[in-house]
Number of protein chains: 2
Amino acid sequence: MDYMLQLREKGLKVTPSRLNVIKVLDSSHLAYSHSDLESLFSKMDRVTLYRILKDFEDAGIVHKIMDIDGVTRFAICKSTCPDGHHTDDHVHFNCKACHKMFCLEKVQVPHLKMPQGFKAMGLHTLIYGLCENCSGA
Amino acid sequence: MDYMLQLREKGLKVTPSRLNVIKVLDSSHLAYSHSDLESLFSKMDRVTLYRILKDFEDAGIVHKIMDIDGVTRFAICKSTCPDGHHTDDHVHFNCKACHKMFCLEKVQVPHLKMPQGFKAMGLHTLIYGLCENCSGA
DNA sequence: ATGCAAATGCAACAATGTTGCGTTTGTTAA
DNA sequence: TTAACAAACGCAACATTGTTGCATTTGCAT
Ligand SMILES: [Mn+2]
Ligand SMILES: [Mn+2]
Ligand SMILES: [Zn+2]
Ligand SMILES: [Zn+2]
């Protein structure tokens, strides 16, 4: 709710650009691409946006994921993640029609058994198909 | 075994470049990045390699996946995929130490229950950790 | 109000991927 | 074997994405 507090807690200065970015991401379950955000904040410098997203990622405010087309996207971390290493191992859903990417925090991911010698540290599950809007259900 | 036949079956002409690429990929269960292959075949033009990999993907000879660092990689399709749409929904494992990516065809991926309205068409499961060589087991 | 570190804007660059086009090559059929 | 044609290739040019260095501005603590 109070983004200024959240930023200061993470040791980040409160700036208009940062407030804009966190507001947009926090008010959505969607993962935004860099160019999404770029066109949303056209007056903000490209590099500044890269740095804001990097800082937010390091601070555990957002997580970065790849969509089905190889575009990197950013979504808010709902449950606050420990700095640096995020628990962003929930499911992401990519709509083939509207190309939106959804964070599906509620879908349970079963534990997978690894072959001999392979030690798993985490996983990314990306499902593609048709979203609630596009499936025409 | 006979790559010339395999290429002709898919309507692709047999060229030295294509034979080189398919040989390397087929003799490994690793997924190679574009730059991996580029340095392996330094005399081949960059663009030609892009086009070969695209043609192989369309023909169902290889599948393209993103690794944990956002690098696109290519691996051979072991079970022949129907042209265009591949059944590349097996697990991929990315080693944090040596950065190799393994196709784990044998790991079973359980079916996930989607929320209301979301229709799943396929999934990518990417696990990261330490591989058999790097886990020191 | 002042000072300083942090954040920003800008330019330059690197890596990755795409497109157009002229040339070469693989395949088919005479 | 050769001739002809479509496909594949090499090269140049360009687009997009992401990174780095540096001078300037701004947030925040004193
Ligand atoms: Mn997410
Ligand atoms: Mn694979
Ligand atoms: Zn959709
Ligand atoms: Zn390894």
Side-chain angles (χ1 to χ4, degrees), chain A residues 2-25 31-59 61-75 83 99 101, chain B residues 2-23 25 31-59 61-74 83 99 101:
Chain A
D2 199 323
Y3 300 125
M4 318 221 319
L5 254 133
Q6 191 181 354
L7 290 176
R8 290 215 183 85
E9 273 172 16
K10 304 288 187 173
L12 299 173
K13 287 185 179 171
V14 176
T15 68
S17 298
R18 282 176 172 168
L19 285 176
N20 285 331
V21 173
I22 199 174
K23 257 181 259 177
V24 164
L25 293 181
Y32 287 75
S33 74
H34 193 276
S35 74
D36 285 344
L37 297 168
E38 233 180 291
S39 43
L40 221 48
F41 311 117
S42 45
K43 67 185 173 172
M44 192 189 311
D45 191 82
R46 242 165 40 83
V47 179
T48 301
L49 181 53
Y50 277 112
R51 292 197 261 233
I52 287 177
L53 291 169
K54 175 68 161 54
D55 292 340
F56 281 9
E57 197 196 356
D58 291 344
I61 297 173
V62 304
H63 56 279
K64 175 163 76 172
I65 56 267
M66 232 63 176
D67 76 10
I68 202 75
D69 301 308
V71 179
T72 68
R73 293 181 171 268
F74 297 87
D83 293 18
H99 293 103
M101 176 180 254
Chain B
D2 199 322
Y3 300 125
M4 317 220 319
L5 255 133
Q6 190 180 355
L7 290 175
R8 291 215 183 87
E9 273 172 16
K10 304 288 187 173
L12 300 173
K13 287 185 180 174
V14 177
T15 68
S17 298
R18 282 177 172 167
L19 285 176
N20 284 331
V21 173
I22 199 174
K23 257 182 257 177
L25 293 181
Y32 287 76
S33 73
H34 193 276
S35 75
D36 286 344
L37 298 168
E38 235 181 290
S39 44
L40 222 48
F41 311 116
S42 46
K43 65 185 173 170
M44 193 190 311
D45 191 82
R46 242 165 39 84
V47 180
T48 300
L49 181 53
Y50 277 113
R51 294 199 259 232
I52 288 177
L53 292 168
K54 174 69 160 54
D55 291 339
F56 282 9
E57 198 197 355
D58 290 344
I61 297 173
V62 304
H63 55 278
K64 174 163 77 172
I65 55 265
M66 232 63 177
D67 74 11
I68 201 77
D69 301 308
V71 179
T72 69
R73 292 181 171 270
F74 296 87
D83 294 19
H99 293 103
M101 177 179 254

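Note that this is a predicted model, so its numbers are computed, not measured.
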**Student:** Asp67(B): what forms a side chain to side chain donor-acceptor pair (under 3.5 Å) with it, not counting sequence neighbours?
**Tutor:** Arg73(B)
**Student:** So do Val21(B) and Leu25(B) actually touch side chain to side chain, heavy atoms under 4.5 Å?
**Tutor:** yes
**Student:** Output all residues satisfying side-chain contact (heavy atoms from CB on, under 4.5 Å) with Ser35(B), sequence neighbours left out; order by chain, then residue number.
**Tutor:**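 Counting only residues at least two positions away or on another chain, Ser35(B) forms a side-chain contact (heavy atoms from CB on, under 4.5 Å) with Ser33(B).
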**Student:** Is there side-chain contact between Leu53(A) and Lys64(A), with heavy atoms separated by less than 4.5 Å?
**Tutor:** no
**Student:** Could you tell me which residues satisfy side chain to side chain donor-acceptor pair (under 3.5 Å) with Glu9(B), sequence neighbours excluded, listed by chain and number?
**Tutor:**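 Per chain and number, Glu9(B) pairs via side chain to side chain donor-acceptor pair (under 3.5 Å) with no residue.
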**Student:** List in numerical order all residues of residues 34-41 of chain B for which some heavy atom is under 4.0 Å away from an atom belonging to DNA chain C.
**Tutor:** none
**Student:** Take nucleotides 4-15 of chain C nucleotide by nucleotide from the 5' end and write B, S or -, depending on whether a protein heavy atom sits under 4.0 Å from the base, only from the sugar-phosphate, or from neither.
**Tutor:** -BSSBBBB----
**Student:** Quick one: side chain to side chain donor-acceptor pair (under 3.5 Å) partners of Lys54(A), sequence neighbours excluded?
**Tutor:**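 Partners of Lys54(A) by the side chain to side chain donor-acceptor pair (under 3.5 Å) criterion, ordered by chain and then number, come out as Asp58(A).
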**Student:** For Asp55(A), which residues count as a side-chain contact (heavy atoms from CB on, under 4.5 Å) partner, sequence neighbours excluded?
**Tutor:**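 For Asp55(A), the residues satisfying side-chain contact (heavy atoms from CB on, under 4.5 Å) (neighbours in sequence not counted) are Leu12(A), Arg18(A).
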**Student:** Using a 4.0 Å cut-off to any heavy atom of chain B, which nucleotides of DNA chain D are the first and last in contact, reading 5' to 3'?
**Tutor:** dA6(D) to dA12(D)
**Student:** Would you indicate whether the side-chain heavy atoms of Thr15(B) and Leu7(B) approach each other to under 4.5 Å?
**Tutor:** no
**Student:** At what angle, to 10 degrees, do the two end axes of the helix from dA1(C)-dT30(D) to dA30(C)-dT1(D) meet, given five pairs define each axis?
**Tutor:** 30°
**Student:** Taking the side chain as every heavy atom from C-beta outward, state whether Met101(A) and Val71(A) have any atom pair closer than 4.5 Å.
**Tutor:** no
**Student:** Taking only residues at least two apart or on different chains, which pairs with a member in residues 40-52 of chain B satisfy side-chain hydrogen bond (donor to acceptor under 3.5 Å, both in side chains)?
**Tutor:** none
**Student:** Go through the structure and list residues passing side-chain contact (heavy atoms from CB on, under 4.5 Å) with Met66(B), not counting sequence neighbours.
**Tutor:** Met66(A), Thr72(B)
**Student:** Lys23(B): what forms a side chain to side chain donor-acceptor pair (under 3.5 Å) with it, not counting sequence neighbours?
**Tutor:**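 For Lys23(B), no residue satisfies side chain to side chain donor-acceptor pair (under 3.5 Å) once neighbours in sequence are set aside.
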